There are 2 protein chains.
Amino acid sequence: MNAIVDTRVPFEILTALTPRPEVANDGRPVPLSFFHAGSEIYAQGEKVASHYQIEFGAVRIYRLLADGRRQITAFHLAGETFGFEADLAHHFFAEAIVTTGLRTFRPVAGLDRSRELLPLALRCMVRAQEHLLVVGRQTAIERIAAFLVDMAARQGDLAQIELPMSRQDIGDYLGLTIETVSRVLSRLRDKGVLKFHGLRLLEIRKAETLRSLCE
Amino acid sequence: MNAIVDTRVPFEILTALTPRPEVANDGRPVPLSFFHAGSEIYAQGEKVASHYQIEFGAVRIYRLLADGRRQITAFHLAGETFGFEADLAHHFFAEAIVTTGLRTFRPVAGLDRSRELLPLALRCMVRAQEHLLVVGRQTAIERIAAFLVDMAARQGDLAQIELPMSRQDIGDYLGLTIETVSRVLSRLRDKGVLKFHGLRLLEIRKAETLRSLCE
DNA sequence: CGCTCGCTTGATATAGCTCAAAAGCTGTGG
DNA sequence: CCACAGCTTTTGAGCTATATCAAGCGAGCG
């Protein structure tokens, strides 16, 4: 884990973005650390020390095959918790997608967090298993639609949504190539379902059409 | 949930197959129920009442799309625990694959099982996320190899393994059609990697080859 | 202004799907 | 014990969605 204070983000902005509690249940202060876009939070095989809550930014969780094929198993956005995925050692990599601030919850000897963690773990498990249906049984356009509907829901179901991740990330999340992702997005734009305001900001103009594509 | 005492299996056999404890931690007896092949254990949307431990038999957990496409998210074998996947309502269906006996653990008011369930939930979550890599990024032959290696490992890494599920089930687990599953298995047989002793019993003759296919 | 890097678009290839038919199993009844 | 029906599985032939390969394009940066 290599936290870095991101010098590109002014300190006033970082501190302004800190609405969540700064102490854990046991009264200890929870350290906040910053990560550059692309920097590693933890690696596969690392011994688990902590779990993390995202203060701002976005994180990708992924696995690799020997030849470099990558599967992103989850994206996590501001307010979400991740990193409790293992018994002793992580099975996945976690990286910041954009400049990200994390609160790190270290395990405290003698304090059992099972009760708070179980619902998070269950949510996460259900999410992964639902995603399995998307990747295993849906077409390219259905996968993209499901992804956009999910991202919109997690951003309060506003018409404008932000996609902090690259096309490659989206492809690796949905089990598609970058070209297919791009073609499907263009097709949805041409049909008037989406409108792009730059690459990472998009407007959903026909939410109903999109939703109907997920079945 | 519609448990049925399977009249095809003599009672002496059923009772002989009961090595696991018959009382829960809180001292209550844990009821054992039997399910026919194909019968439903719980359905999507049902309110969660219990979790289950498999005494003998096998179970499939799955989701459906509106048009009938199915994704099996997990198979569970004898000795394994399942059914704790939800907050209030199940997100999936569970069915017996073959005649199956289950111990049902009902929640006991005032007794918090988080501590025992958390590791199970985490294992299950990691399993689902690892399966995502298989389905999202591996070829048909790699998926089948990964599946067989996993089944072998769960059956004590013996050369002989049993596949209680149909080809259709395997396809729906791996995101493949039944024809592709069949063709790949035939190809592995022709290469001398596998040998079939009937449809559901197979011998792994070149475990190393199989393992190398998973990368 | 011109490079770079991520994205888009186009042309072609192919893994796996679909449709079709044959071949095994399993159970039933004569 | 055999024959037949209703399955599941295997095999074959052709098709298609998506991958791959190959240019262009455009926004951000030095």
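First the proteins, then the strands, lettered A, B, ... as listed; each starts at 1. All of these numbers come straight from a predicted model, not from anything done at the bench. Below, each value reflects all heavy atoms present in this structure, side chains not excepted, and no hydrogens, waters or symmetry copies.
Summarising the geometry, the separation between CE on M165(B) and C1' on dT9(D) is reported as 16 Å, rounded to the nearest angstrom. dT14(C) atom P lies 18 Å from atom CZ of R183(B), rounded to whole Å. Distance CZ (R143(A)) to P (dA17(D)): 14 Å, rounded to an integer number of Å.
Residues passing the ring-ring contact (aromatic ring centres under 6.0 Å, His included) test with F147(A), sequence neighbours excluded: Y173(A).
The shortest distance between side-chain heavy atoms of V59(B) and E95(B) does not fall below 4.5 Å. Counting heavy atoms from C-beta outward, F56(B) and T100(B) have side chains that stay 4.5 Å or more apart. R69(A) has its side chain out of reach of L133(B): every pair of non-hydrogen atoms, C-beta onward, lies at least 4.5 Å apart. Using a 4.5 Å cut-off on side-chain heavy atoms (C-beta onward), Q155(A) and L77(A) make contact.
Comparing the helix axis at one end of the helix from dC1(C)-dG30(D) to dG30(C)-dC1(D) with that at the other, each defined from 5 consecutive pairs, gives an inter-axis angle of 30° (nearest 10°).
Of the residues in residues 166-182 of chain B, those placing a heavy atom less than 4.0 Å from an atom of DNA chain C are G175(B), L176(B), T177(B), E179(B), T180(B), in numerical order. Proximity of residues 184-200 of chain A to DNA chain C (heavy atom under 4.0 angstrom from any strand atom) is restricted to S186(A), R189(A), L199(A), R200(A).
Considering CZ of R60(B) and CG of D169(B), their distance stands at 4.5 Å, rounded to 0.5 Å. Separating the CG atom in L148(A) from the CG atom in L188(A) is a distance of 7.0 Å, to the nearest 0.5 Å.
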Subject >> Pair S212(A)-T209(A), side chain to side chain donor-acceptor pair (under 3.5 Å): steps then yes or no >> reply: CA-CA 5 Å; S212(A) 73; T209(A) 309; 5.6 Å; no

**OP:** Give the C-alpha distance, both sets of side-chain angles, the deciding distance and a yes or no for side-chain contact (heavy atoms from CB on, under 4.5 Å) between F92(B) and F82(B).
**Re:** CA-CA 11 Å; F92(B) 303 92; F82(B) 69 95; over 6 Å; no

Subject >> Criterion side chain to side chain donor-acceptor pair (under 3.5 Å) on S186(B) and R189(B), from CA distance to verdict >> reply: CA-CA 5 Å; S186(B) 299; R189(B) 164 178 40 71; 3.2 Å; yes

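The two residues C214(B) and Q138(B) make their nearest non-hydrogen contact at O-NE2, 3.3 Å.
Under 4.0 Å is where a charged nitrogen must lie from a carboxylate oxygen, and between E162(B) and R200(B) no such pair does.
Applying the ring-ring contact (aromatic ring centres under 6.0 Å, His included) test to every pair with at least one member in residues 179-215 of chain A, sequence neighbours left out, gives no pairs at all.
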What does the list of N/O pairs under 3.5 Å between the protein and nucleotides 3-5 of chain C look like, with a distance for each?
none

